[in-house]
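Report on the following structure.
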Amino acid sequence: MPISLERMIHFVPPNIEKMRAKVPDLVNKVDVVLGNLEDAIPADAKSDARNGFIQLARENEFGSTGLWTRVNCLNSPWFLDDVMEIVQTVGDKLDVVMLPKVEGAWDIHYLDQLLAQLEAKGGLGKPILIHAILETAEGVKNVEQIAAASPRMHGMSLGPADLAASRGMKTTRVGGGHPDYAVLSDSDNSGVRTAFQQDLWHYTVGKMVDACLSYGLKPFYGPFGDFSDPQACESQFRNAFLMGCLGAWSLHPSQIEIAKKVFSPDPAEVAFARKILDAMPDGTGAVMIDGKMQDDATWKQAKVIVDLAQLVSSKDKELAEVYGF
Ligand SMILES: CC(C)(COP(=O)(O)OP(=O)(O)OC[C@H]1O[C@@H](n2cnc3c(N)ncnc32)[C@H](O)[C@@H]1OP(=O)(O)O)[C@@H](O)C(=O)NCCC(=O)NCCSC(=O)C[C@](C)(O)C(=O)O
Ligand SMILES: [Mg+2]
């Protein structure tokens, strides 16, 4: 698995010329540029989106920024042409194919073989990876088999809108919480009861993180659809980050900075984690730092944070200075 920084997967509708024109600027601002061909692209613009993606892939140099596409789903009339045309034209530049509505290992096996055939035919040296969206009840049920389905598996993202529909959840939101999903406290002496809002996605994100990390894959939160509520977006992204996710999707330029802030570790946490590593050079034993017990396990926790800070520093010179790398 290549080690790459993927704090935000930025969605671009490639059928729109004005959006394609923003790609050279985006390459310097985001960690991944994704050309979306699936939902949000009108049915009569599917081939324009595919051709627009090929054009933007050809016209730009991406450097350390990832180039991904989200193809249409396997049972659509567009999937086969999406994969065939893109891999045969710009397969050498493409890092990851995001596959929507994955239901089981069989979906991954099919794309895996198709990519292998096209890579062999085109003489491509670098394998194209697969990223699955977890957005059906069946997909969530089969998440472990999906994770284990191919060495091409890069990771997974939560697809909260399709997943809500598939499960019959009663929300029209794209990700985030819901005010009615709450636990009501007992009444106090004055009869006041407080509703504590819960995270609708906690179970699924937890299940996805465990499946991904068991097989060495990367888990991601997906989209947050309410662009008018950056605070809620940040909070949802942060919950996912704390639970193990490495990034989220940005659908609008305003969400890029939110993802960058959340998925780059907090400088104070990095400083504390470095203290732990310094205090336990061989990673064993038990020491006290600032009143807190540290041992082999907290050394590993600290290593996760310091490794991520180092990865962030390799791309982000400003943060490298803040972290002191
Ligand atoms: C919603 C839209 C139409 C509002 O676009 P807009 O132009 O109306 O918005 P705006 O606020 O007026 O835009 C301000 C400026 O930002 C630009 N802009 C705006 N967006 C972008 C962008 N993404 N990338 C680069 N630039 C962007 C826009 O062109 C404009 O530029 P300007 O000032 O020069 O005129 C637009 O933001 C967009 O198309 N975003 C992507 C939507 C998308 O990909 N949705 C599908 C993913 S979510 C999903 O599929 C669910 C899931 C996982 O499957 C499941 O849960 O089931
Ligand atoms: Mg979807």
Side-chain angles (χ1 to χ4, degrees), residues 8-43 45-46 48-50 52-53 56 60 62 65-76 78-79 82 96-103 107 131-140 146 155-169 171-178 200-201 204-205 208 219-230 233 236-237 240 245 247-260:
M8 76 296 294
I9 302 165
H10 185 77
F11 270 56
V12 175
N15 51 310
I16 302 172
E17 196 184 337
K18 181 181 149 185
M19 295 282 189
R20 284 198 305 274
K22 293 178 186 290
V23 171
D25 184 43
L26 285 171
V27 168
N28 299 315
K29 289 195 173 135
V30 304
D31 296 337
V32 174
V33 172
L34 178 144
N36 176 34
L37 312 183
E38 201 226 10
D39 292 357
I41 305 299
K46 292 291 186 187
D48 288 347
R50 189 187 303 136
F53 178 73
L56 75 80
N60 293 282
F62 292 87
T65 301
L67 176 65
W68 298 21
T69 182
R70 177 170 80 167
V71 294
N72 285 285
C73 62
L74 282 160
N75 59 3
S76 73
W78 307 291
F79 166 83
D82 288 346
V96 175
V97 172
M98 181 183 273
L99 186 64
K101 302 178 176 70
V102 174
E103 307 248 70
D107 288 338
H131 184 100
I133 314 181
L134 207 54
E135 53 182 352
T136 67
E138 191 173 6
V140 175
I146 294 169
M156 284 182 213
S157 290
L158 172 74
D162 269 299
L163 183 55
S166 165
R167 281 176 172 161
M169 290 167 70
T171 165
T172 53
R173 300 179 173 200
V174 179
H178 193 290
L200 265 180
W201 306 107
T204 315
V205 172
M208 177 180 74
F220 290 76
Y221 184 76
F224 189 88
D226 186 352
F227 303 164
S228 69
D229 194 349
C233 176
Q236 185 77 56
F237 284 5
C245 291
W249 302 5
S250 49
L251 302 182
H252 188 271
S254 61
Q255 295 182 328
I256 296 171
E257 281 308 314
I258 300 175
K260 201 175 270 187

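Hydrogens, waters and symmetry mates play no part in the numbers below; they use all other heavy atoms, side chains included. In each ligand, atom 1 is the first atom listed, and ligand 1 is the first ligand listed. Position 1 is the first residue of the sequence; numbering continues from there.
A donor-acceptor contact shorter than 3.5 Å links the side chain of Thr65 to the backbone of Val27. A distance-only check finds no donor-acceptor pair linking the side chain of Trp201 to the backbone of Pro160 [under 3.5 Å]. No donor-acceptor pair closer than 3.5 Å links the side chain of Lys29 to the backbone N or O of Ile256. A distance-only check finds a donor-acceptor pair linking the side chain of Asn36 to the backbone of Glu38 [under 3.5 Å]. Of the possible polar contacts, one joining the Asn72 side chain to the Leu37 backbone as a donor-acceptor pair under 3.5 Å is found. Of the possible donor and acceptor atoms, one in the side chain of Arg20 sits under 3.5 Å from a partner among the backbone N and O of Pro14. Distance alone, capped at 3.5 Å, places no donor-acceptor pair between the Thr69 side chain and the Val97 backbone. Distance alone, capped at 3.5 Å, is enough to place a donor-acceptor pair between the Gln255 side chain and the Phe224 backbone.
Distances between N or O atoms of Trp249 and those of ligand 1 include no value under 3.5 Å. At least one N or O atom of Lys22, backbone or side chain, sits closer than 3.5 Å to an N or O atom of ligand 1.
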Quiz prompt | Check against side chain to side chain donor-acceptor pair (under 3.5 Å), Ser157 and Arg70 | solution = CA-CA 12 Å; Ser157 290; Arg70 177 170 80 167; over 6 Å; no
Quiz item: Is there a ring-ring contact (aromatic ring centres under 6.0 Å, His included) between Phe11 and His252 once you walk through the steps?
Solution: CA-CA 8 Å; Phe11 270 56; His252 188 271; over 10 Å; no
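Ring-plane geometry between His131 and Phe220 is classed as perpendicular, the angle between the planes exceeding 60 degrees on a 0 to 90 degree scale with a lower cut at 30.
Residue-level proximity to ligand 1 for Ala161 is carried by backbone and side chain together, each with a heavy atom below 4.0 angstrom. Under 4.0 angstrom from ligand 1, the non-hydrogen atoms of Leu251 come from both its backbone and its side chain. When non-hydrogen atoms are compared, ligand 1 lies under 4.0 Å from neither the backbone nor the side chain of Lys101.
Ranking protein heavy atoms by distance to atom 25 (C) of ligand 1, first place goes to His10 NE2, 3.6 Å. In this structure, the protein non-hydrogen atom closest to atom 16 (O) of ligand 1 is Pro253 CG, 3.5 Å. Ranking the protein heavy atoms by distance from atom 35 (O) of ligand 1 puts Lys18 NZ, 2.7 Å first. In terms of protein heavy-atom proximity, atom 49 (C) of ligand 1 is closest to Arg70 NH1, 3.8 Å. Among all protein heavy atoms, the one lying closest to atom 52 (C) of ligand 1 is Glu135 OE1, 3.8 Å.
In this structure, NE2 in His10 is found 10.0 Å from CE in Met8, a value given to the nearest 0.5 Å.
Glu135 contributes OE1 as its N, O or S atom closest to the Mg ion (ligand 2). Looking only at its N/O/S atoms, Asp162 has OD2 as the one nearest to the Mg ion (ligand 2).
The distance from ligand 1 to the heavy atoms of Pro13 drops below 4.0 Å at these ligand atoms: 39 (O). Every atom of ligand 1 with a heavy atom of Ala40 under 4.0 Å away is listed here by number and element: 43 (C), 45 (N), 46 (C). Atom numbering of ligand 1 starts at 1 in the shown order; those under 4.0 Å from a heavy atom of Pro223 are 48 (S), 51 (C), 53 (C).
Distance remark: protein heavy atom not present below 4.0 angstrom from atom 2 (C) of ligand 1. For atom 55 (C) of ligand 1, a protein heavy-atom neighbour is present inside the 4.0 Å cut-off. Taking a distance limit of 4.0 Å, we find that atom 8 (O) of ligand 1 is approached by no protein heavy atom.
Using modelled atom types, one finds no donor on one side chain facing an acceptor on the other under 3.5 Å when comparing His178 with Thr171.
At least one heavy atom of Asp39 sits less than 4.0 Å from an atom of ligand 1. Residue Pro160 places a heavy atom less than 4.0 Å from ligand 1.
Proximity annotation for atom 44 (O) of ligand 1: of Phe224, Phe11, Phe227, Phe11 comes nearest, heavy atoms only. The closest heavy-atom contact to atom 57 (O) of ligand 1, among the options Asp162, Asp25, Leu158, comes from Asp162. The closest heavy-atom contact to atom 10 (P) of ligand 1, among the options Met19, His252, Glu38, comes from His252.
A salt bridge links Lys101 with Asp39: the distance from a Lys NZ or Arg NE/NH1/NH2 to an Asp or Glu carboxylate oxygen falls below 4.0 Å.
Checking Asp39 against the Mg ion (ligand 2), every N/O/S atom stays at or beyond the 2.8 Å cut-off.
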